[in-house]
Structure formats: structure tokens, C-alpha cells
Trainee: 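Below you will find the structure I want to go over with you.
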Amino acid sequence: MLDLTFETPKPKVIAGAKHDWELVIGMEVHAQVASRSKLFSGASTKFGAEPNSNVAFVDAAMPGMLPVINEYCIEQAVRTGLGLKAAINLTSAFDRKNYFYPDLPQGYQISQLYHPLVGEGEIIVDMEPGIARLVRVERIHVEQDAGKSIHDMDPHMSFVDLNRTGVALMEIVSRPDIRGPEEAAAYIAKLRQILRYLGTCDGNMQNGSMRADVNVSICLPGAYERYQETQDFSHLGTRCEIKNMNSMRFIQAAIEVEARRQIAIVEAGGKVDQETRLYDPDKNETRSMRSKEEAHDYRYFPCPDLLPLEIEQAWVDDIKASLPELPDEKKARFVTDFGLSDYDAGVLTAEVVNADFFEKVAAGAGDGKLAANWVINELFGRLKKEDHSIEDSPVSPEQLAGIIRLIKSDAISGKIAKDLFEIVYTEGGDPEKIVEERGMKQVTDTGAIETAVDEIIAANPAQVEKAQQNPKLAGWFVGQVMKATGGKANPKAVNEIVMSKLGL
Amino acid sequence: MSELTKLKIAEARDALRKGEVTSLELTEACLTAIEGAGALNAFVHKTPEIAREQAAAADARIKSGDAPALCGIPLGIKDLFCTKGVASQAASRILEGFRPEYESTVTSQLFDAGAVMLGKLNMDEFAMGSSNETSTYGDAVNPWRRGNDDTALTPGGSSGGSASAVAADLCLGATGTDTGGSIRQPAAFTGITGIKPTYGRCSRWGIVAFASSLDQAGPMTKDVRDAAIMLQAMCGHDPKDSTSADLAVPDFEVMLTGDIRGKKIGIPKEYHMDGMPAEIDALWAEGRAMLRDAGAEIVDISLPHTKYALPAYYVIAPAEASSNLARYDGVRYGHRAKLSHGDGITEMYEKTRAEGFGEEVKRRVMVGTYVLSAGFYDAYYNRARKVRTLIKRDFENAFDAGIDAILTPATPSAAFGLGEMQDADPVKMYLNDVFTVTVNLAGLPGIAVPTGVDSQGLPLGLQLIGRPWEEGDLLNTAYALEQAAGFVSKPAKWW
């Protein structure tokens with residue numbers, strides 16, 4: 001059994017003028033489904049295309065056009081649900097959410113209010129080694145994305161780009177189980193990691209593939225525990241929803257500043273209004289998005305163009321059987337199987353491509369710990385320096401494993417290994433051959449080392465005397481021998497011989 | 001020439017196959033008839049070039065021996081159908097200038113079968129109306145007149161132009177759509193046959209949506225056989241419409257034997273409405289007698305939730321319409337209001353929709369918005385859905401008890417005068433649908449067959465309601481009724 005036990009972190013506390021306050025946070029993450037075509041049309045989902053080039057008739061809401069569900073998008077959402085250990089609803093249904101906006105051609109978004117595809121799941125949000133927050137996922141529903149309104153291209157006109165219109169989104173709704181800004185950012189990071197492992201969302205926040213609406217409220221210490229016991233929201237403060245956040249840094253800042261705003265209101269005897277707010281990173285403040293008079297009534301009702309979505313348990317089981325190993329399991333396995341530290345295992349499993357690379361190196365080298373050191377310290381460091389990703393690493397797992405095998409067999413020293421790594425990185429080639437051809441092999445022949453030591457002792461009588469009085473200076477001889485042998489001598493052997501020749 | 005337009009589809013088909021007539025001749029005859037029928041205002045966009053081209057192609061096909069039933073048959077197409085490159089504006093100003101770049105599935109299938117399009121037919125705006133008086137093109141006029149005066153009468157609605165054109169022999173058949181009776185009521189008002197198939201039989205793809213869970217296309221023809229032939233070509237599974245049924249379509253025409261011996265025909269007592277004209281009651285009684293004489297068993301049945309159907313319909317249909325019509329916002333196609341300096345997006349929406357939609361459409365959009373809004377949803381929309389389920393169950397119970405078809409009047413009256421209902425409560429107009437909406441709510445097939453004339457010489461029709469997916473059986477019962485009624489009257493030409 002893999003060890004997935006952890007302790008719960010303390011909630012973030014903000015000191016107000018009168019009281020200490022705790023934060024209660026829930027998130028609605030919109031994750032764009034990784035699929036080639038849109039949720040209800042065959043139009044491409046490719047990012048960055050010419051405006052209005054990826055638009056089918058139904059996306060532009062031409063009269064008489066009808067949506068047809070893209071089965072692959074549903075499969076991806078089911079896969080996501082299974083990855084979050086969630087219940088899959090074999091019957092779900094689509095509803096229309098009605099509102100007017102130019103980038104919403106139909107005048108409604110097809111979503112799933114009443115019967116979502118995915119029910120309750122959970123995400124373990126790691127905070128520190130052994131400490132994590134279990135965040136419950138309430139539901140995941142599938143819906144259409146809207147297009148993009150462009151207001152800054154012309155002084156008098158606004159433009160609309162419908163390329164994104166109708167792209168499939170998963171709205172992943174958490175329970176209010178997140179207790180601080182750092183946890184919120186970690187939640188997003190963990191969710192993103194899982195989605196990328198599953199291949200159901202590319203997690204690209206900059207391009208808007210993942211966006212979050214963050215619900216923030218404050219409460220006095222002890223109130224949250226009463227909510228947990230009863231699931232009664234009245235123990236919690238009034239929440240405000242900060243819309244459309246696509247940066248982890250801004251999410252943290254926005255939560256902090258919004259919590260402080262609410263604390264100031266409540267401590268001054270006021271009441272927090274439940275409303276939707278926007279975060280302004282320039283001013284580091286949140287502000288109300290719309291007034292009450294403009295409050296939307298979305299008039300949800302079942303979409304009559306689509307029959308209820310019925311899926312089969314066998315299909316779900318097939319998807320489940322094809323799920324990859326997920327980050328928590330992989331990390332725990334790395335700790336157990338390779339004896340890695342929690343930290344190293346976390347670094348290596350952050351992205352599945354890294355983890356895969358590492359596993360190949362570890363297998364080839366026959367040493368997980370050494371492999372981890374080399375991947376994290378040498379390879380990642382070198383790749384980062386040149387802004388390479390692991391996918392285009394010039395050093396293959398086999399090559400790196402070859403280098404490590406040479407170290408392990410004492411064929412080369414750690415220092416030579418670094419030189420060798422640099423050669424392989426820049427020039428390529430089989431490490432073993434390089435060592436052979438360039439004479440980089442470590443000298444373990446004690447006779448040769450003894451000769452070198454004897455020569456240096458003979459040439460430096462003064463140093464010998466000093467070293468015999470202060471054994472710490474013996475290191476100087478070791479250095480000289482290494483230099484004389486071009487670094488190829490086995491340092492351990494050199495050390496032993498120097499010590500014995502000096503009589504230490 | 002004008003005699004040619006009087007042909008029925010089956011007759012024309014046979015004549016075409018025998019080489020007695022060409023599609024071009026038929027088509028020219030229809031085009032001439034249409035030119036002479038401006039007073040009926042049935043055709044609102046004429047497509048003579050397309051018609052001649054299709055007719056020539058059809059003639060070539062017939063010559064080569066590859067001639068499906070509809071090959072070379074000139075038809076009219078309701079303006080609700082999107083036809084590629086041809087004005088398709090649902091009789092609304094808001095779709096002014098709209099020419100779709102796609103062809104609806106139903107019209108594609110008709111054209112693939114060789115049918116010829118003469119043009120687009122008048123209708124109530126977005127199919128919302130029972131008299132064709134809400135059209136942006138003006139009223140379509142019924143070719144029938146009362147025996148003693150020349151008051152212009154409604155052809156019914158919403159498929160008023162289709163009904164008028166078929167009844168006046170401007171075309172051999174026409175497409176209609178039926179959301180609450182829009183095929184069957186105008187068919188009854190003009191002495192023709194109209195069938196609304198089971199919901200899901202005809203693809204809705206490319207038909208401008210009114211109320212998606214109720215809308216169905218169907219043929220409007222001169223008799224039952226023609227309805228069978230034309231429906232055959234219109235229906236079938238379409239993967240582009242998720243509500244379209246993946247079921248095989250039988251050969252409807254072959255099923256027209258006229259033999260209904262042993263069939264059980266239900267007579268629902270709830271369709272006896274207070275204040276119903278005696279003539280309608282009498283017609284219904286005659287219909288029962290005719291079917292009994294043809295060997296069917298007449299059974300009194302109860303459909304207890306019938307009285308809730310009309311209110312439920314007038315909640316559900318507007319609710320869906322309010323959402324379906326949200327796309328007409330002036331942003332991408334159709335009418336856009338001229339804006340004043342400083343107007344923003346809200347003003348654009350408001351002005352565009354205020355100018356583009358007529359009164360009835362606005363009324364229904366507002367009713368629909370209201371019944372879906374927070375605080376009213378359960379009281380109206382959800383309750384109406386529950387009523388719908390009960391109405392559906394009423395029919396299921398009747399069919400489970402062995403009833404094969406249900407006979408009812410098609411309309412509560414004969415055609416009324418255009419403008420007559422103008423100052424009336426809109427609900428009075430909605431009462432036209434009292435016998436037909438139940439069928440849409442239950443998703444069943446229903447057919448209107450002309451069976452008699454009233455004291456003023458106006459046609460009256462009866463409705464037969466069938467089991468789901470059994471249009472063939474329903475058409476056969478209708479065929480038996482048609483044979484027995486022997487309705488052959490035609491409107492006297494005055495236009």
C-alpha cells in the first residue's frame with residue numbers, strides 16, 4: 001500500500017482591528033477540454049487562429065442550426081471526473097443559461113445546471129511534506145465557452161471573435177474547503193497537474209485554458225468547524241465571487257485583499273453584500289462588477305435541442321481502466337521504490353514528462369537516488385539555463401543512465417561525469433564510447449597512482465613536513481595528484497595512498 | 001396549361017413517368033398560376049430560375065429511368081425552412097436580407113428526390129399565429145370564400161401560405177411546420193390534407209426554431225396519398241439533429257389499403273368543447289359513422305388532462321421561443337437598427353429587436369421570459385412540463401388499451417375573416433389550437449383530412465391522432481376516412 005496519509009494544515013488567520021479572522025474559499029475552475037473540435041460542432045479549437053476562422057454555422061447561431069454532442073469531449077470530462085475520484089452520473093442533461101452578450105451568439109450558453117455529468121470527488125492539495133488539505137469537489141459540468149469581444153481595435157466599434165465560441169469547458173466546482181490564499185494557489189496547481197496527467201486540459205493559464213472564479217468569505221475562528229459539523233452555510237460569512245482569474249499570483253493577492261476588505265466592512269459594523277467582483281492587479285483591489293439592478297436572471301431551462309445524455313457504465317469502466325498513474329500515487333511510489341525524499345519525488349512528479357524521463361533514467365542506471373540527483377540538479381538546471389523543456393532535452397534518458405552507470409562502476413569520477421555530461425549535452429554520443437575515446441577513464445591502477453604520489457612527495461619535502469604536523473593539509477597532495485593525472489585518478493584511491501605514504 | 005397545376009402529386013408522378021408531361025411543363029404551369037395569384041399573397045419569394053433548372057434536371061433524370069416519386073414535382077417551401085442562397089426569413093423583419101449558406105435537411109431530401117422549388121411561402125412570423133396575420137409580408141389569403149360574400153378569409157396559420165398555395169393549385173404540394181397545429185389547422189381551413197409526423201421523424205436541422213421540443217415539419221397536400229408520398233421523402237434520421245429518431249421509414253404509400261376493419265378508433269369525450277358550433281359536432285359525428293361503416297370499432301375514451309393542454313402549451317412554447325429568438329440581436333445577420341450617437345450594445349439590442357419583431361412575437365418572447373424567470377419558473381414552466389407528462393400519459397393509456405387512432409375535430413370553426421380577430425383577446429386566437437396542441441405536447445403524429453363543408457360552403461376537417469412512429473397506419477386510417485368522405489370541392493377561382 002502506498003502511503004497517502006497526511007496532516008491538515010492550519011487555516012490562514014488575518015488579524016483585524018478587533019478579532020482574528022479566518023478565510024473560507026471555494027473555487028469554480030473553468031478548464032478547457034483538450035479536444036480537436038468544439039463541444040457541439042466540428043469547428044477546430046486551435047488557439048491563435050485568424051479571428052472568426054474556426055466557426056461552424058451552429059457556433060455563429062445561424063437560424064435553424066442545432067448542437068450535436070462531441071463524444072470525445074464527454075469522454076474527457078468523464079476521464080477528469082475519474083481522475084478526481086468522482087462519481088460519474090450515467091444520466092446527465094444540458095440546460096440553457098440565457099443572457100445577451102455579443103460574444104454569445106445564441107443568446108444562451110449550453111451548460112449543465114440541474115444534472116451535471118460528474119458528481120462528488122476530491123483533490124489532495126499538498127502544502128508541505130506530510131501536510132495537505134483535502135478539498136472536496138462538488139461537481140463537474142460540461143459547457144460551452146463564449147467568444148471574445150474586442151473593444152480596443154477601433155475607437156467607435158467593438159469587434160467579436162467567435163473562434164472560442166462553443167469550445168468545451170469543464171467547470172470544476174469545489175466545496176468551500178480551501179482555507180487561505182496559498183492553499184488556493186496550491187489547489188489550482190494541483191488541479192492543473194492532475195488535468196495535465198490525464199491529458200484532459202493543457203492547463204495553459206496564459207491562453208485562458210484554465211480560469212478560476214474564486215468565492216471568498218471570512219469567519220471567526222471556530223465558525224468553520226461548526227459549518228463542517230452541520231454543512232450549514234449560515235455559520236460562514238457572506239461570500240463574494242471574484243471572477244475570471246487566470247494567474248496563481250493574482251489569485252493569492254486577490255483573496256488576501258478581498259478578505260481584508262470584508263474584514264474592514266464587518267469590523268466597522270457593516271454587512272458584506274453577496275456579489276460578483278473583479279480583481280484589478282494594478283491597484284491591487286477588487287471592485288463590484290455590476291449593480292443589483294443589472295443582476296442577471298439566467299432563466300435556466302433544459303435545452304430542448306439535446307436529449308438527456310445517457311452513458312454506459314461499461315464505457316466509464318473502459319475509461320477508468322485506461323487512466324494513467326496520477327501524481328499522488330506516482331509521488332508515493334517514487335518515495336517508496338526509489339527511496340527519494342518527499343521533496344525530490346514532488347519535483348520529479350510535477351509534470352508527467354519529467355517523471356517518465358526520470359523513471360527511464362533510474363531503470364537504465366539501476367539507481368533511483370543517483371538518477372534523481374542527476375535529473376534534478378544537472379539536467380533540469382542545464383535545461384532551464386537554455387529555456388529548454390524536457391521534451392527537447394538534448395540528453396536522452398539512455399545517455400544520462402549511461403553516465404550514471406559509469407560513475408557507479410567507478411569508471412569515472414563525479415567531476416569527470418560532469419564534464420562528460422556537458423560533452424553529451426552539447427555534442428551528443430554514447431557516454432561509454434566518449435570516455436573510452438577521450439581517455440577520460442578514471443585511473444584505479446594503484447601502481448600508477450603510487451608512482452604519481454611518490455613523485456609529488458619527493459618534489460615537495462617542505463609540504464610533507466607540514467602535512468605530517470597537520471594532517472588536514474594532506475588534501476593538498478590529493479589535489480596535486482588529481483591534477484597530475486588530469487582528474488582521472490580515483491579520488492578515493494588517491495586519498496588512501498597519500499595518507500599511507502605520508503604515514504598518517 | 002392551368003389544368004396541369006390541378007394534378008395531384010401521384011397523378012403527376014405517373015404522367016411524368018409515362019412521358020405524358022414534362023417537369024418543365026408542370027413547372028411553367030405552376031409559375032404562371034403563381035404570377036396570377038398575387039391576391040393570395042401565398043408565395044413571398046419566387047424562385048423561377050431555380051425551379052426551371054431543377055425541372056430540367058428532373059426531366060433528364062426521368063428520361064434516364066432514375067425517377068424517385070417526387071422527381072419533377074413542383075413544390076412550395078414554407079419560409080421557415082432555410083434554403084441555400086434563397087431568402088429565408090421566417091416571415092420576420094428581423095431576418096431581412098438573410099440568405100442562408102446552407103440547405104435544411106428536409107428541403108435537401110426533397111431536392112435529392114428530384115422535387116422542384118417554386119419559391120418560399122408566406123406564414124405567421126416565426127410560425128407564431130393561427131391566421132397568417134403576423135407575417136411581415138402581410139396576410140396570406142384563403143382561396144375559399146363564404147358562399148354569400150367576398151370577405152377575405154384567413155387560410156389559417158402558421159403555414160397559411162402553404163395551405164393557400166396548395167388549395168389554389170399554385171403548386172402540387174408544400175412543406176409546412178407544426179408546433180401547435182400550424183399544419184393541421186390551415187389544412188382544415190383550406191380543404192387540403194396536412195400531417196404532422198411523430199416528433200423526431202423529420203429533421204429540424206435548418207428549420208428556423210420556434211419551440212424546439214414541439215416543432216415538426218410535415219407535408220401539406222391535396223390528398224392523403226400525396227401526403228404519404230411527400231412525407232416519405234421528408235423524414236428519416238439525421239445525425240445533425242440530436243432529437244431526430246434513428247428509425248427506419250416504412251413505405252407509407254404501400255400501406256394505403258383503405259382497409260381499417262377491426263381498428264379501434266377512440267373518441268375522446270374531453271374534445272366536446274362548450275360553445276362548439278353545431279356544424280363541427282355534426283361533422284365529427286359523420287366522421288365516426290364513416291369509420292364505423294368502413295369496419296372500424298368506435299370507442300369512447302377519456303383523455304382527462306386535455307383541458308390543461310392549451311395553457312401548458314402557451315407556457316412551454318413561449319419559454320422555448322424566448323430563448324430560441326435571443327440570437328436575433330442584430331450582431332451577425334438580418335436587421336440591425338440605425339443607432340444614434342452614443343448608443344451602446346444595449347440600445348442596439350433594444351432598438352433592433354423592437355423594430356425587427358412584430359407584436360405577437362414580442363408578446364410570446366415576453367411571456368416566455370416571464371415564465372422562466374426566477375421565482376416563477378416552478379409555478380409556470382415546471383408545472384407546464386408536468387402537465388405535458390400527464391397529457392402524454394393520457395394518450396399512452398388510450399393506446400395501451402388498444403386504441404389505434406383517435407378522431408377529433410381539427411379546428412373549432414371554419415376559416416374566419418382576416419382582421420376579424422384583430423381586437424380580440426389574444427387568448428381567443430390561441431383557442432384555434434385547442435384540438436391540435438395536445439398532439440404536439442405528446443409528440444404524436446396527427447393528420448387533418450377535409451371531410452365536409454359548412455353551411456357557407458367553407459371546408460371543414462377532422463383530425464386523426466396516431467400511435468408514435470406509426471404514420472403509415474395513421475395515413476391508412478386517414479385514407480379510409482378520405483374515401484368515405486369523398487371531399488372533392490375546390491374553391492371557385494376569384495383571384
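Letters A, B, ... are given to chains in the order of the sequence lines, protein chains preceding strands, and every chain is numbered from 1. What you see below is based on every heavy atom in this structure, not just the backbone, and it leaves out hydrogens, waters and symmetry mates.
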Trainee: Taking the inter-plane angle between the rings of B:Y137 and B:H45 on a 0 to 90° scale, is it parallel (under 30°), tilted (30 to 60°) or perpendicular (over 60°)?
Mentor: perpendicular
Trainee: Among A:P63, A:P304, A:G107, which has the most heavy-atom pairs under 4.5 Å with chain B?
Mentor: A:P63
Trainee: Who in residues 88-101 of chain A is close to chain B, using a strict under-4.5 Å heavy-atom cut-off?
Mentor: A:R96, A:N98, A:F100, A:Y101
Trainee: Looking at B:G206, B:A209, B:S104, B:S213, which one has more heavy-atom pairs under 4.5 Å with chain A than the rest?
Mentor: B:G206
Trainee: Parallel, tilted or perpendicular: which one describes the rings of A:Y114 and A:Y300, with boundaries at 30° and 60°?
Mentor: perpendicular
Trainee: Flag the pair A:R164 and A:D103 as a salt bridge only when some basic side-chain nitrogen lies within less than 4.0 angstrom of an acidic carboxylate oxygen.
Mentor: no
Trainee: Can you confirm whether B:R383 sits close enough to B:V315 that some side-chain heavy atom of one is under 4.5 Å from a side-chain heavy atom of the other?
Mentor: no
Trainee: Would you mind reporting whether B:T105 and B:D241 have side-chain heavy atoms less than 4.5 Å apart?
Mentor: no
Trainee: Chain A heavy atoms under 4.5 Å from B:L80: which part of the residue, side chain, backbone, both or neither?
Mentor: neither
Trainee: Do you know which of B:F98, B:Y333, B:Y102 has the most heavy-atom pairs with chain A at a distance under 4.5 angstrom?
Mentor: B:Y102
Trainee: Going by side-chain hydrogen bond (donor to acceptor under 3.5 Å, both in side chains), name the residues that satisfy it together with B:N382, two or more places apart in sequence or in a different chain.
Mentor: B:D378
Trainee: Quick check against the 3.5 Å criterion: does B:E103 have a side-chain atom that pairs as donor or acceptor with the backbone of B:K84?
Mentor: yes
Trainee: Name the member of B:T346, B:V331, B:V208, B:T243 that forms the most heavy-atom pairs with chain A at distances under 4.5 Å.
Mentor: B:T243
Trainee: Starting from the C-alpha separation in whole Å, work towards a yes-or-no answer on side-chain hydrogen bond (donor to acceptor under 3.5 Å, both in side chains) for B:T134 and B:D124.
Mentor: CA-CA 5 Å; B:T134 69; B:D124 280 298; 3.0 Å; yes
Trainee: Counting heavy-atom pairs under 4.5 Å to chain A, which of B:T369, B:V371, B:L95, B:L214 comes out on top?
Mentor: B:T369
Trainee: If we define contacts as heavy-atom pairs under 4.5 Å, which of B:K240, B:R204, B:M348 has the most with chain A?
Mentor: B:R204
Trainee: Tell me, side chain or backbone of B:I345 under 4.5 Å from chain A's heavy atoms, or both, or neither?
Mentor: side chain
Trainee: With the threshold set at 4.0 Å, does a side-chain nitrogen-carboxylate oxygen contact exist between A:D213 and A:K243?
Mentor: yes
Trainee: Taking A:D297 for the side chain and B:A374 for the main chain, is one N or O donor matched with an acceptor at less than 3.5 Å?
Mentor: yes
Trainee: Heavy-atom distance under 4.5 Å to chain A: side chain of B:F81, backbone, both or neither?
Mentor: neither
Trainee: Checking B:A319 against chain A: side chain, backbone, both or neither under 4.5 Å from a heavy atom?
Mentor: backbone
Trainee: Is the distance between the ring centroids of A:F301 and B:Y377 under 6.0 Å?
Mentor: no
